[in-house]
Structure formats: structure tokens, C-alpha cells
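For reference, the structure is listed below as C-alpha cells.
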Amino acid sequence: MAHFSGRDLIYVLMLCSAVWFLIMFVQLESCRGGINDHQPSSLVTYRKALAAKEKEIKYLREHADSLNRRQHVVGLPTIYIITPTYTRPVQKAELTRLSTVFHSISNVHWIVVEDSDVKSNLVVDFLKDCELNTTHLLSVTPPDVKLREKDPNWLKPRGVLQRNTGLAWLRSNLNADFNHGVVYFADDDNTYSVKLFAEMRDTKKVSVWPVGLVGKLRYESPLIEAGKVIGWHTYWFRNERPFAMDMAGFAVNLHVILENSLAKFDINAKRGFQESVFLQALGITLEDLEPKASMCTKVLVWHTRTEPANLSNEEKMEMKGYKKSDSHVEV
Ligand SMILES: *[C@@H]1O[C@H](CO)[C@@H](O)[C@H](O)[C@H]1NC(C)=O
Ligand SMILES: *[C@@H]1O[C@H](CO)[C@@H](O)[C@H](O)[C@H]1NC(C)=O
């Protein structure tokens, strides 16, 4: 009678598993990768399709960001957005919020005007990275008109000289024969719906719409009767201001701006009168205004204000012997 020792049994088991491995390996090889003659043709087709899909997924992963962005559309009027900005802890967050919206609209040219006599690294790098058509300008507000830290923000008009610098750039770089579009003043602390830009795109002269959370009201708005602007839903200087609306509440056709080359904002204008000063200088009347946003019944822009950052613990960190935040980290 044959006698199997434990060791023999192990040898047999090893041999069996080796054979099993070999069989599996051959099967696996024939299933894998490249096209081979023994495969049924449907399998070949399937593998080819799979390989193509895999390539596509890889491409989509790599290009996901740029695919989200709208492309330049030939013949579509450009929206020239003029944004005054100034250095402060929340600046990059504000610019980021704006650029995210601008990425979702086609044919936009963003003119960013810094209140400074030198271009800040933060804004230079931000605009380089943001993959929009941008122009970076400077216009420093002289100290005698600038707000001091503790002044209420209505004391002196903000962004006035910066908007004028933006207008001057349009007039010296664009030509009514070649450039068509609309100009919008977008402060960096407001919140804009993508839909707002579709509303303003076909502005003939000046288009208008409501602005949310402004003038200590839920919203301010042009008053409409029979499709025409007849007055203003506002509290401040309701009857004194010819155009009693916020800077965020209107857009102007580029040609109107180019044809009236002297029209600009006035640093000495009375509080709340900037919009009126500018539109009057453009020769605009109530009759010219084009109500948008479903006859001024929809709010597509909000006068939000970001709370100033409180960084008082940075100093306290030092007092406690902790390291302050790394100044090389851009915030
Ligand atoms: C920027 O503008 C140019 C010319 O108007 C256009 O060809 C280009 O596609 C635009 N780029 C983006 C990212 O919109
Ligand atoms: C920041 O917060 C501290 C208390 O945490 C407060 O004493 C200080 O006044 C605040 N600073 C500003 C500028 O609001």
C-alpha cells in the first residue's frame, strides 16, 4: 500500500496550485490588453470602445476646469466690467467671488483698477491666474479725499477716480467701428447672478434693474409704468436725484460712452449723486432707460458687504510667544 508522507502531500498540493496558476495566467493573458486573433470580434470592439472611453475620461479629468468656462463667441457684444479695488485682508476673497461668476459668462473683459500707485503682487498674480480677459490699471485716490479707517464709508465717494480711469482706458483703446458691447461698474463687494449679464448684454443705451439689500431697503428699483421708467423706489433723495439708483443698477452701451468722451464721475458730487452726474453727462433721459430683469421685478444683484476681517489675535499670538501667521502665505 502506497504510503504518503506529509511532505509528499505538500509537494502534490504545490504542484496542483502551480498548474492552477498556470491555467489562470494563460486565461488572464488572453483576456488582457491588446487585440489578439483568438478573440471573438465583439470582444475586440468592446475593448476598443473601452480604451477610447478611458482616454476620454482621462482628458475630461485633466480639462474639467476649462470645460466649465464659456468660450469666446464671435459676434456677441462684449461686457466690459470696471471694478475698483483696494488692498485689504478680504480683497482676494472678494475678487475670487467675482471671477467665479465671470467665468460663467461669455465675452467678458474685466478691467480692474487698483487704488494704488503701484500694482500689488496679489492683484497681478490673481489676474494672471484667473484665465479671463483682464486689464490691470492704477489710480490712486489722493489722501485728502480718501476715507480714513474710522470714517463711515458714505463720507467720501469710493471708487470714483478708479471708475474714471477705467472709462479713460475704454476711450483710448476701443473703437466704435470694431468694438461692440456694454459697460458695467461692478464693485468687488457686491454679489452678482450670472443671469444679470444676459439681461444687460443687448443694452441699446442704458439698461436698468433692481438692486437688492441697498439704501436700507429690501431692494431699490426703477418704478415702471407701461414699460417705461417713471421714477424710483428708494428712500434717499427720491425726488432730488434724477437717477436715484445704485452703481450696480445700470449698464451703458459702449458706443454711448465712446461718443460722449467727457462724461465721467465727479469726486465732488453730493453723496448718492454719482450715478446721476454720470448719466446726465452722457445725455441720458428717463425716456432712454431700458428696464430689464422682467420689467424690474427680479433682483439679480445684491449690495452685500463683507465684514472686515478682525486680525487682532495675530498680535496676541506674539504676546503669548506663539508664531504669528506666516506672512508668505497669501490670503
Ligand atoms: C479674450 O478676447 C479675445 C479677443 O476679444 C478672444 O479671442 C479670446 O477668446 C478671449 N479669451 C477669453 C478667455 O475669453
Ligand atoms: C476685533 O475683536 C476684538 C475682540 O475679539 C475686539 O476687541 C476688537 O475691537 C475687534 N477689532 C475690530 C477692528 O473690530
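Note that this is a predicted model, so its numbers are computed, not measured. Read the numbers this way: they start at 1 and go in the same order the structure lists the ligands and their atoms.
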Q. What class does the angle between the rings of F197 and Y192 fall in, given that below 30° is parallel, 30 to 60° is tilted and above 60° is perpendicular?
A.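 Tilted.
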
Q: Please confirm whether the backbone N or O of L127 pairs with a side-chain atom of W110, one donor and one acceptor, at under 3.5 Å?
A: no

Q.
Do K270 and F237 form a cation-pi contact, if we require the NZ or CZ to be under 6.0 Å from the six-membered ring centre and within 45 degrees of the ring's axis?
A.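 Judged by the rule, K270 and F237 form a cation-pi pair.
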
**Q.** Stacked cation flag R241 on F243, 6.0 angstrom / 45 deg
**A.**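 No.
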
Q.
Could you check whether D125 pairs with K119 (Lys NZ or Arg NE/NH1/NH2 to Asp/Glu carboxylate O, under 4.0 Å)?
A. no

Q | Qualifying ring-ring contact (aromatic ring centres under 6.0 Å, His included) pairs with a residue from residues 245-270, counting only residues at least two apart or across chains | A | H180-H255, F185-F265, F265-F278

Is there any protein N/O under 3.5 Å from an N/O of ligand 2, and what does the full list of such pairs look like?
unit_1   : atom_1 : unit_2 : atom_2 : d
ligand 2 : 2 (O)  : N310   : ND2    : 2.2
ligand 2 : 11 (N) : N310   : ND2    : 3.0

